[in-house]
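Every chain is numbered from 1, with letters handed out A, B, ... down the list of sequences.
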Amino acid sequence: MTMSTDLPDPKGVFVDFKRELNPEQLRAVEIMNGPVLVIAGAGSGKTRTLVYRVARLIQEGVKPDKILLLTFTRKAAATMLARASRIVGPQCQQVTGGTFHGFAHRMLRRYGHLIGYPNNFTILDRTDMLDLLYLLARQLELTGPGKQFPRKSTLASIVSKTENCGGYVSKVIEQNYPHLLGELPGLEKLVPVYRKYKKVHALMDYDDLLLRWRDVLKEHAQVRESMDSWFQYIMVDEYQDTNATQAEIVHLMACGHDNVMVVGDDAQSIYSFRGANFKNIMNFPDMFSRTQIIKLERNYRSTQPNLDCTNAIIANAKEKFTKRLTAQRKGGNPPYLYTAKDEVDQAKFVADRIQELLKDGFKPSDIAVLFRAGFHSFHLETELGSRGITFAKRGGLRLIEAAHIKDLLSLLRLLINPLDRLSWGRILLLIERLGIKSVEKIFSQLIKSEDPLECLSTYKTKAAWGETVRGLGSLLKRLHDMPADLPDLLLQLETWYRPHLEKIHHEDYPKRLRELAHLRGLSARYDDAVSMLADLALDPPDQEEMEKEKERLVLSTMHSAKGLEWKAVLILSLAEGRFPSPAASFRTKEIEEERRLFYVAATRAKDFLCFCYPAFISVSGTGLLPARPSRFLEEIPSDLLQLWKKGVDFQGSPGSDQTGPGIFTPGKRVRHPIFGPGRVIRDIGPKKIQVLFDVAGEKTLHLDYAKLSVIES
DNA sequence: TTTGCTTATCTTTTT
DNA sequence: GATAAGCAAA
């Protein structure tokens, strides 16, 4: 299977493309010129098609460095190129592959000077953006006593939407945040100030990377020309999750040859909150005339019953999608539905299933548990921990956003740019009895100085913190003048930071120290601090070591599960109030996206698929509340699901076989052998009641025939 | 000017 | 359950 590294010529390697691919995939792989749109359903061999396309191009003699492969994560590109290498040879590794943002960053380091950016600009990650916006809002006195100003994250969304939609704050507010119309004047002041601040201080947020790269391409014909002779073949994966700017970039980069292939699934568009527009994929043929459209509609991943169920989920979507999948695999069982008492019971159930699957010969890496939001897995994490099952968690909190990591990186940033207002704020506020006013004072001194670090090391003040501040100044000055290698540099910064860490996080500082050490280990891979900071912002490393993660059970948000597959998938907390996310509950557009998200999650499963629904969820403040099953679960016809049958312990459980008149009063939770759990709505006539079942809906039951039992709660 | 205490207000998803 | 704003006191 593995090719030796000294293959003379890729043309010499025999690959039977016809055998490896179905006719549609083969067509996509064989088209050598012009624009191609591949509409690929879930599990239709999309990745395989791209891998073979790369292999084919190289076999045809296209130079690997003339190929650009843009994917959603850097990992995805690396995996694809590794697979292509195994088919036609190691030269595939020279293909340029990565994310849009990463690629734009590289290009801007090279061409950014054309639009007035130095090549060592700093990337603002999400938290940096929030902090900066807040700082500027404060300086403009938009916030303060008695003033209601949008929360940080709302602020960031407004600014981001404004920049991505033509620059009109008023339009964004009217359309998306009508309740903030009162703040419009302030916001209209803030946006240009933010824009200017970034330019003056050489900062770029995530939107800027794409927008500014677009500007360079648009305004500088010579860059465009060097691009299209540089990359003769461009491929974009997950095209349904790109935004208008990305589409424009693709168009500009390919305008000399139109050899563009985009691949995506309109039913799996789940990133509109980030500005992605799934209409992009439909508009592709308008952007490139002569587009050839190929649909991949055979599903190789899932068994027929799983596919029937996922087809039913997406069939209810308001937008009509472009294709209908048919299964290539036979056999299998319908997905299971388990109704748990509450989230603790749900965690126990999932842990039981995992242990059972492992006993049946599944590897830990064959199994994944998916959920809507990071904190939904809380109970499960404790349960797995107590049973000694290790797992890798994807999504949710990021290492890079943790306070202690940000603190240390801020120190590093100050070495690169001693006038970084945000980093000074972060660091100086750590010092005892030094507050926001003093930071302003110090910073105004630094900005006037020729050598800010020197200035800080001789800073004059009567305050008690003077010595600490001067010490910091001379440490940074020394490190600045005598550059060490990165791990050593970080160690010295850490030595200064450590007392503050221990004081602020006295509860869990050992854990945080370990993470700092981990960061130091990571830093050995980089040549300089600038590229390390950029890389950490664009491609945040997982908390676990990569090697071990490959063999582990995965807990993941539904978003982070995109593009992956497992033999067994369990989906947690499919209850109203959890899924769809309550934040999305009122807008139909967002509900439709939640539905697509459910579709994405359910289509990750190859063989075993199980939905879990807790009858009670805990809500902040109020405590335990009864919850209805998710509306998306209710939409699935009941014959496409099977209820999970509890074993012996269910039949023997006390109280479950109580029957008789009078006990089925309205409001009681009951269980029916076929319809599962439900709630009695009303009594109608002698021995007849109406029950609203969680899954099957409303039914009228005759108590003489129906084998109902009361569920104890 | 800084800090500590109280209270209210949400809690998505991510390059 | 964290985070931020408001207020009083050191």
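Distance A/Asp131 CG to C/dA4 C1': 13 Å, rounded to the nearest Å. Atom CG in A/Leu428 sits about 15 Å away from atom C1' in B/dT1, given to the nearest Å. Atom C1' of nucleotide B/dT13 and atom NZ of A/Lys562 are separated by 12 Å, given to the nearest angstrom.
Comparing A/Tyr271 and A/Ser153 against DNA chain B, the residue whose closest nucleotide sits nearer the 5' end is A/Ser153. Between A/Thr73 and A/Ile436, the residue anchored closer to the 5' end of DNA chain B is A/Ile436, taking for each the nucleotide with the nearest heavy atom.
Counting any heavy atom pair closer than 4.0 Å across all strands shown, A/Glu593 reaches no nucleic acid atom. If you check every strand for non-hydrogen atoms under 4.0 Å, A/Leu434 touches sugar and phosphate atoms only.
Sequence neighbours left out, the pairs with a member in residues 431-445 of chain A that pass side chain to side chain donor-acceptor pair (under 3.5 Å) are A/Arg421-A/Glu440, A/Glu432-A/Lys503.
Remark: A/Arg631 fails to qualify as a cation-pi partner of A/Phe598 under the 6.0 Å distance and 45° angle criteria applied to the six-membered ring. Both cation-pi conditions hold for A/Arg274 and A/Tyr271: the charged atom is under 6.0 angstrom from the six-membered ring centre and inside a 45 degree cone around its axis.
For A/Lys198, the salt bridge (Lys or Arg N to Asp or Glu O under 4.0 Å) partners at least two apart in sequence or on another chain are A/Asp205, A/Asp208. Residues satisfying the salt bridge (Lys or Arg N to Asp or Glu O under 4.0 Å) test with A/Arg214, not counting sequence neighbours, are A/Glu248. Listed by chain and residue number, nothing satisfies the side chain to side chain donor-acceptor pair (under 3.5 Å) test with A/Thr71 (two or more places apart in sequence, or in another chain). With sequence neighbours excluded, the residues that form a salt bridge (Lys or Arg N to Asp or Glu O under 4.0 Å) with A/Asp131 are A/Lys152.
Regarding contacts with the backbone of C/dT3, every side-chain N or O of A/Tyr134 stays at 4.0 angstrom or more from both OP1 and OP2. Dashed line: the shortest gap from a side-chain N or O of A/Ser560 to OP1 or OP2 of B/dT14 is under 4.0 Å.
The side chain of A/Ser438 sits closest to B/dT2 out of B/dT2, B/dT14, B/dT3. Looking at the side chain of A/Thr557, the nearest of the listed nucleotides B/dT3, B/dT1, B/dT14 is B/dT14.
Stacking of the aromatic ring of A/Phe273 onto the base of B/dT13 is found: the ring centres lie under 5.5 Å apart and the planes are inclined by under 30°.
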Pairs under 3.5 angstrom, nitrogen or oxygen only, protein versus nucleotides 8-10 of chain C, please.
none

